[in-house]
Every structure is written in structure tokens, then in C-alpha cells.
Amino acid sequence: MATGRGETRTSTVENTKMSNGQPRNYTNGHKNGHTNGYKNGTNGKTNGKSEKGGRWQDDFEEYFEETPYHIAILTYLGYALMVFIGHVRDFLRYYGIEQDKSCTESNQEGFSPLLVSWESFYTRNMYRHARDCWNRPICSAPGSTFDVMERVSHDHNWNLEMTGKTLKVMNFGSYNYLGFAENKELCGRDVQRVTEKYGVGTCASRQELGYLDIHRELDSLVADFLGTEAAITVPMGFATNSMNMPALVSKGCLILSDELNHASLILGSRLTGALIRVYKHNDMKDLEHKLRDAVCEGQPRTHRPWKKILIVVEGVYSMEGSLARLPEIVSLKKKYKAYLYLDEAHSVGAMGPHGRGVVDHFGLDPHDVDIMMGTFTKSFGACGGYIAGSKRLIRHLRANSHSAIYSCSMSPPVTQQIISTMSCIMGRTNPQEGRRRIQQLKWNTRYFRKGLHERGFIIYGNKDSPVVPLLIYMPSKIALFSRECLKRGLGTVVAGFPATPIIEARARFCLSASHNKEMLDKALDIVEEVGELLQIKYSRQPVPRWTSEALEPSPE
Amino acid sequence: MLQRLWRHLADTLRHAYFHYSVILCIAILEPAERYVINSVVIVVVSLLVYATVVYMPGHVTMLCQCFVHLTGIRSHGDSVGQRGTTSATIS
């Protein structure tokens, strides 16, 4: 607690020093945004908040148990063996001893081959063995349960065939955090009405004739919801990052990116043409070190000051289940006059007492974050994304962003779905429902995490994050875990290399407000059973402290 | 009784084989690959066992003799009259 206050105090002192000592950087900051406009006010607030920040740190518990040595060795051994066998098989295929069933190209003289890379080797010889665990087709709404279409393979996973049967399983894989991915209840009627009125497609971009009144309504609703001045909505979540970032920073700017940022942020950062420096995941010392270097040394070779410095972070990291240490990032950003781009794809709706994301969770002022980005694909059960911030920022984006100029505007039924769900969360329609869902999700998260911790699994992430990664490590266990869980009626997502580091393959559960206690108990039993079978209860650490606190009864 | 013991043994063996195949990742491989790897493992393990059985006793004896030679030069003279065992002499 004391440290937190101390840090903030230093940052205030540094603030004044910096603004006197480096006027050029200061002017730049002033030119491009509103941070300085809020400076005095926010500093005052920060001092107030820092006391709350102490309480925040008490409640901020994340777990990343280290990989046990013997497991790491055995995992490497397993991969090594698979690679060896893969090479032998490739050798046999090359000399025609074995028929090659993979994607191959005709041997054109003088052309360098397209498909000779580690990735294609990996796909052909390793991923193929577990291919049935991914790309599973489903044929129902992704609610709390869904229908998975059964597939079989008669040639060792080269080809998969549908049997025509479906399996009804519990859904622990969709990002349906608040349970709005439904086809009947609540939003279905509104969406139907809007579809009858507007049709499904807009057939024009926002700048042409694709800007409907409901888009306008949605924009202002998003701004109201988040507590910002304005917002702009984009029809695709991934494109919200990748297409809007180039409108914000350019060559001569610096992007400081967390090492575990999502692919859309990485792509967006690369498209900007700015220099990208990556800092260690949630490591504030590393971030500060890199920020200080950037401010002191300026651009490489010329040593001119950077035009802008943009810190890019996510609210909830989807593979680790960790939360950005936002209060510290905000104080750093103020100290070094950098801008903050916060991607709340997984956190908006799912985090915070009002469902407004991590900013709400930490009790920060939304004005402290310069660019707030989020998606509607998760908690809102729709698709698309938004960027919220100051009026000037949004006006700039309306005129300059690729997604506003070139892409077709958001489909009206989707827009209505977001309006309905967001009004529900805000308590405008159905006053108790939104709050109930948020509380249910929070309870579910704690209950499920607690259950897994107590059963001795290695679980990553923050105790409040609805993304629950369960570490499995070995490649064969990944495939068997997915298959065995599906067989027992639990649908979940497993992830391995290249989505994770090679020895940190994991299963990932996404909790939802539509799950009830019985479902969670059933899911825990299934995971327990499969965990016993595969022996994946690796944890040697004592169960975290918070799990001993009694949970309130489920708010159903 | 014997039947139950046999079933228990079979269960244990099946369990052990399952874990062996999961750890070596052969649980998800094709049967042919599994066959080849199992054969290689069997060959390597049997060679090791063979080598242990054939060479280990001789090697251990040689080591013991070496040890006796290094430490037992002085104690050899002491033990002449006592007719003690070698191990007692060494200690």
C-alpha cells in the first residue's frame, strides 16, 4: 500500500520535471490529444485513487505456477519424438515409398517451393494427429449447451467425415460471457423487428449510404455505457484493431506493446509503420525502463524525440487469463506523457461491477485511457467492435480510419442485438437482468477457479478473469483431453503451439453467466475424471489463499 | 483368487502402458508409427538389460577389486593372522 502511494508521488514530481525539462515532447502530447487538458484534474484524482490503488493491489491475485522440471523434459521428449517420426515419414514420402496425402505443389523447375517450412511440417506431421480437436462444426446457438457435429476419420485424420449425428454438450468454449448468445429470449424479438424494418445488409460503407439511424444510436449508447465523450463502431472486431491503429500513429512514432498482445494488435501495429518495442508481459519495470529509454534517447540514429508514444495493452489476456495492471500503466503513461491504447475485447461486459471492463474493475476514470477499444463479439453475443475516447479522437477516426471509409457498415440486426444487450447491462430495459448476469458470471468464475485449484490443476490468471487456462503441457494429453471431455459432454477449447509457447499447451475454459451451479459441478467432475485419467494434476503449490474464503451462495 | 490377481495385474499393466504411450505421445500416432516406436523401445530396453546382466557383475567385481587394492594394502598385513573376511578387513 505504502509503495503504491510512494510511486504515485514520485510520478507527480516527475511529471512536473518532465514538462519543464522536455518541452518538445510536451508540445507533441498537447497537439495530438487531450491528456494535458485533463492533467491537473487527473493528477488530483490519481492521488485520491492511489489510496484505492492500495486496496486494488490487495485484491489483485494472479497465479502463474512454473512448469515442473520433469514435465518440461517429458514434453520436449514427446515433441522430439514426434519431430523425428515426422522426418522419417517425410523421407518416405519424398522417395515415393509412402503416398503423400498432404498439400503438395507440382515440381516446377526454377521456382522456390511454397510449402516447405516448419509450419507446414508441423501441420502435416504433428497437428494432423490431433486435427479433430479443432475446427469442430457446431449446429446450434452457442448458448450454455450446444450441438457438436460428430466427425470420424478413416485415414488417420487426413480426412474427416461427418456421421450426421450430433452431440449435445455443455459449452465451455465460447466467449459468451454474459450469456447473450441466445436465439429466443430477450433480444431475439427486437432483432427480428429490426431485420424486418432494415433488412440484413447495408450495402454501403459508413461514409456513403451505410450510416443508419441505429448506428448513430449505437455509437452514442457505447459512449454512454463506457463514460467517454464519443465512440465509433466497426463491423468487425479484428479490424477494429488492425484498421484503426494506422490512423492513430505513423512513422516516427513508437509503439510499446505487451508481448502477449492479440494478433489483431500486432497486425495493426505493423501496419502503422511505427517502430514497435515489445515489453515483457505485465512487467511494469520493463515497461518503465523502455519508456524512459524512449523519452531520453528519442528515435534511433537521429535522436529526435518520438512524435508519439503509444502503449498498447489488453484488458484481459485471452490465453493467460491475466489482467493488465492498469492503475500502474496509467500512472506510467502520465509520468512519461505517452498515450494508452486499451483493448477490452475480453473484458468489456465481463469485468467490473457495471460490466464496463477493466477500467470499471479497477475503479479508474475512463478519461485516463486515451483510446478504449473493445469488441461486441464476446459479452454482447454479436459481432463488431468499437473505439471510444474523446470527441476529437472519434472525429479523426470517422474521417480517416480504413474501417469507416472502406468497409461495409454494421448489419442492422447485429446493431440491434448490441443495443438491446447493452441497454440490458446498463439496466435501461429489464433493470435487474444485466446486474444479475454480471454477478452470476463473477460467482461462476470464482467457483470454477476455486474448484480447479482445489483439485490440484495448474490454473493461470487472475482470480476474476472469466478465461480459465488449465495447463496440460504434453501434446498427446491435449488431444486426449479434448476428446475425452467431449465424450463426457463437455465442449472446450485446447490450444498448443503456435498459439502458446511449445511447452505450455493448455485447455481453456470460458465461463458464462448462462452456466448454473449444476453445470459447473458437472463440468468440474468431468475435468476431475479426465484429469485423473491423464494425470494432469501437476500443481505442487498450496491452494491460493482466496479459495479458502467462503463463497456467497450462487445469485441465481 | 488367482483370477482376481490376474485381472488386477492386467489392469495395472494396461494403465502403465496407457501412461507410457501418453508421455511418449504415441497415443495419438498412427498404429504403424506406434508399432515402430514400441519396437525401438523394446530393442533398446532389452539391449540395456542384456548389457546389465552380462557385463555388470564382472564390472562390479573389478571395481571391488580395485577398491580393495587401493584401500586394502595396509590392512592386508593386519588381517594375515586373523583370517578375517575381506569386508571386515576393509572396514
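Numbered from 1 within each chain, the chains take letters A, B, ... in sequence-line order.
Ranking B:Ile28, B:Leu29, B:Ile37 against chain A, the residue ahead of the rest is B:Ile28, based on heavy-atom pairs under 4.5 Å. Counting heavy-atom pairs under 4.5 Å between each of A:Lys477, A:Met82, A:Arg89 and chain B puts A:Arg89 at the top.
The aromatic rings of B:His15 and B:His19 sit perpendicular to each other, their planes meeting at more than 60°, with 30° as the lower class boundary.
The distance from atom CE of A:Met474 to atom CG of A:Leu77, rounded to the nearest 0.5 Å, is 9.0 Å.
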Item to check | Step-by-step side-chain hydrogen bond (donor to acceptor under 3.5 Å, both in side chains) determination, A:Ser153 to A:Arg131 | outcome: CA-CA 10 Å; A:Ser153 175; A:Arg131 241 186 84 192; over 6 Å; no
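Heavy atoms of A:Leu81 lying under 4.5 Å from chain B belong exclusively to its side chain. In this structure, no portion of A:Ile71 lies under 4.5 Å from any heavy atom of chain B.
The closest donor-acceptor contact from the side chain of A:Arg508 to the backbone of A:Glu320 lies at 3.5 Å or more, if one exists at all.
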